[in-house]
Amino acid sequence: MTAAGAAAGRIEAEIAKVVVGQRGPVSELLAALVAGGHVLLEGVPGVAKTLLAKALARALDLEFGRVQFTPDLMPSDILGTSVYRPATGTFELRRGPIFTEVLLADEVNRTPPKTQAALLEAMEERQVTLDGQRQPLPATFFVIATQNPVEYEGTYPLPEAQADRFLMKIRIDYPAAAEEAEILRRAAAGLDVHDLAAAGVAPAVTREELGALRAAARTLVVSPQVLEYVARIVRTSRALGRARLGASPRAGVGLLACARARAALAGAAWVGPEDVKAVAAAVLRHRLVLRPEAELEGAGPDDLVQELLETVEVPR
């Protein structure tokens, strides 16, 4: 196993100490982080979305911050502002909670578009402008924004153009019966998920190793056949009869980056079609918009992704 594959295994092992199951979402989350993008995490309340974000930050030894998004949250509440100091007669720049390494934007669809836009701009530019001064964000800056998929009252759903800024949309489902029993067993044994250090979660990699992981993913070999496969998936998405809006070229770049990250985390020496297929749903599901008649028939974005993977010929 390569150094990248070993590092990925250590990270997943630390997260598994407090998060039961969810191997798929954990792998997708790591792929997005290594690819340098941000994640929209969707799931009903109580399925460990916050715990997963905290455990990831702990396993990576990165600073963690959380912002609970509410209807009255203003851009300055997350970016920061200047505070007047009467004693000195000067203004002091006070940085907001966005200046961290792993930021959990909890219930991002509960805050008005103006505040959502401020977060998305910082995600894209990797910097914040306060009082005309550019304040760079950390190189490891990673946003995990959560959404509740079943409750829409009092929310501000992200428009397609803004959702497209997230590299992946990862879904967290209810655990299987055996996993739910294990959660209860751990709770009965006294596991306190609010104290990750006491729960045994320890840093598994250094910042240097994380940087090496990202470098390994960026330089992983991609054959012309796999590049063409990614391009055909993206182009075909725009021709699907049930799709009102297909994937953009940026989606293709994101799909390639995530496939590369997945292959690197698995310790592979090159990117294969199976890597592309494994991350396709998470990369494309929030970028494909269904026609109204398809929604009335009960179809969803994941159905379109499955149709794409069945339609586009896999290179040999």
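Side-chain contact between Val234 and Pro249 is absent, with no heavy-atom pair separated by less than 4.5 Å. Side-chain contact between Ser27 and Arg262 is absent, with no heavy atoms from C-beta onward closer than 4.5 Å. In this structure the side chain of Glu180 never reaches within 4.5 angstrom of the side chain of Tyr174, judged on heavy atoms. For the pair His286 and Phe166, the minimum side-chain heavy-atom distance is below 4.5 Å. In this structure the side chain of Ile172 reaches within 4.5 angstrom of the side chain of Gln22, judged on heavy atoms. Using a 4.5 Å heavy-atom threshold, the side chains of Leu60 and Phe142 count as separate. Contact annotation: the side chain of Gln135 never approaches that of Leu79 to less than 4.5 Å [non-hydrogen atoms, C-beta and beyond]. The closest side-chain heavy-atom distance from Thr50 to Arg66 is below 4.5 Å.
Rounding to the nearest 0.5 Å gives a distance of 9.0 Å between CE of Met168 and CG of Leu29. The structure places CG of Leu196 at 10.5 Å from CD1 of Ile15, a figure rounded to the nearest 0.5 Å. Once rounded to the nearest 0.5 Å, the distance linking CG of Leu52 with NZ of Lys54 reads 12.0 Å. With values rounded to the nearest 0.5 angstrom, Leu213 atom CG is found 8.5 Å from Leu30 atom CG. Distance check, rounded to the nearest 0.5 Å: OG1 of Thr140 to CG of Leu33 gives 8.5 Å. To the nearest 0.5 Å, atoms CG (Leu304) and OG1 (Thr236) are separated by 12.5 Å.
Pairing each heavy atom of Thr115 with each of Leu73, the nearest pair is OG1-O, 2.6 Å. Smallest separation of non-hydrogen atoms from Ala217 and Val34: CB-CG1, 3.7 Å. Of all heavy-atom pairs spanning Ala53 and Leu104, the tightest one is CB-CD1, 4.1 Å. Of all heavy-atom pairs between Thr100 and Gly65, the closest is OG1-N, 3.6 Å. Taking both residues in full, the closest heavy atoms of Ala105 and Phe69 are given as CB-CE1, 3.4 Å, listed atom of the first, atom of the second, then distance. The minimum heavy-atom distance linking Leu130 with Gly80 is given by the pair CD2-O, 3.5 Å.
Side-chain heavy atoms closer than 4.5 Å link hydrophobic residues (I, L, V, M, F, W, Y) into clusters, and following such links, possibly through other members, connects Leu255 to Ile170. Criterion: ILVMFWY side-chain heavy atoms under 4.5 Å apart, direct or through other members. Under it, Leu309 and Val230 are part of a common hydrophobic cluster. Under the 4.5 Å side-chain heavy-atom criterion for ILVMFWY residues, no single connected hydrophobic cluster contains both Val108 and Leu56. There is no path of hydrophobic side-chain contacts, each under 4.5 Å, that joins Leu210 to Leu103. If you chain together hydrophobic residues whose side chains sit under 4.5 Å apart, Leu167 and Ile98 never meet in one group.
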- Apply side chain to side chain contact (heavy atoms under 4.5 Å, CB included) to the pair Val276 and Val226, showing each step before the final yes or no. CA-CA 8 Å; Val276 177; Val226 171; 4.0 Å; yes
- Chi angles and distances behind the side chain to side chain contact (heavy atoms under 4.5 Å, CB included) call for Asn109, Tyr156: CA-CA 5 Å; Asn109 57 333; Tyr156 303 84; 5.7 Å; no
- Tell me, with the steps shown, if Ile233 and Leu284 meet side chain to side chain contact (heavy atoms under 4.5 Å, CB included). CA-CA 10 Å; Ile233 288 175; Leu284 298 177; 4.0 Å; yes
- Task: In sequence, state the C-alpha distance, the side-chain angles, and the governing distance for Lys17 and Val201, and then conclude on side chain to side chain contact (heavy atoms under 4.5 Å, CB included).
- Result: CA-CA 7 Å; Lys17 291 179 180 178; Val201 181; 4.2 Å; yes
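For the pair Arg287 (side chain) and Val283 (backbone), a donor-acceptor distance under 3.5 Å is present. Side chain of Asp303 to main chain of Gly300: a donor-acceptor pair is present (N/O by atom type, distance under 3.5 Å, no hydrogens or angles). Here the side chain of Arg95 pairs no donor or acceptor atom with the backbone of Thr81 at under 3.5 angstrom. Counting only distance, with no hydrogens or angles, the side chain of Lys169 and the backbone of Leu40 share no donor-acceptor pair below 3.5 Å. Proximity of a side-chain donor or acceptor of Arg260 to a complementary backbone N or O of Leu220 within less than 3.5 Å is detected. Side-chain N or O atoms of Glu14 include one that pairs as donor or acceptor with a backbone N or O of Ala202 at under 3.5 Å. Side-chain atoms of Arg242 do not come within 3.5 Å of backbone N or O of Ala294 as any donor-acceptor pair. The backbone N or O of Pro136 sits nowhere less than 3.5 Å from a side-chain atom of Gln127 that would complete a donor-acceptor pair. Between the side chain of Glu179 and the backbone N or O of Ala176 there is at least one donor-acceptor pair closer than 3.5 Å. With Ser237 contributing its side chain and Ala247 its backbone, the two residues share a donor-acceptor pair below 3.5 Å.
Looking only at atom types and distance, the side chain of Glu107 has no donor-acceptor partner in the side chain of Gln147 under 3.5 Å away. Checking Thr111 against Gln116 by side-chain atom types alone, no donor-acceptor pair falls below 3.5 Å.
Summarising the local packing, CZ of Arg250 is surrounded by more than 12 heavy atoms from other residues, nucleotides or ligands at distances under 6.0 Å. Residue-environment remark: CD (Glu121) stays at or below the threshold of 12 foreign heavy atoms within 6.0 Å. A 6.0 Å sphere centred on CZ of Arg85 holds more than 12 heavy atoms belonging to other residues, nucleotides or ligands.
Using a cutoff of 4.0 Å between basic side-chain nitrogens and carboxylate oxygens, Arg185 and Glu182 are scored as salt-bridged. Comment: Glu297 does not engage Arg291 in a salt bridge, judged by the lack of any side-chain N to carboxylate O separation of less than 4.0 angstrom. A salt bridge between Glu124 and Arg165 is present, with a side-chain N of the basic residue lying under 4.0 Å from a carboxylate O of the acidic one. Look at Glu28 and Arg23 and you find no salt bridge, because none of the NZ, NE, NH1 or NH2 atoms lies under 4.0 Å from a carboxylate O. Residues Asp106 and Lys49 are not paired through a salt bridge, judged by the lack of any N-O separation under 4.0 Å between the basic side chain and the carboxylate.
For Arg10, the side chain to side chain donor-acceptor pair (under 3.5 Å) criterion is met by Glu209, not counting sequence neighbours. Looking at residues two or more places apart in sequence or on another chain, you find a ring-ring contact (aromatic ring centres under 6.0 Å, His included) between Phe141 and His38.
Cation-pi contact between Arg232 and Tyr229: absent, since separation from the ring centre below 6.0 Å together with deviation from the ring axis within 45° is not met.
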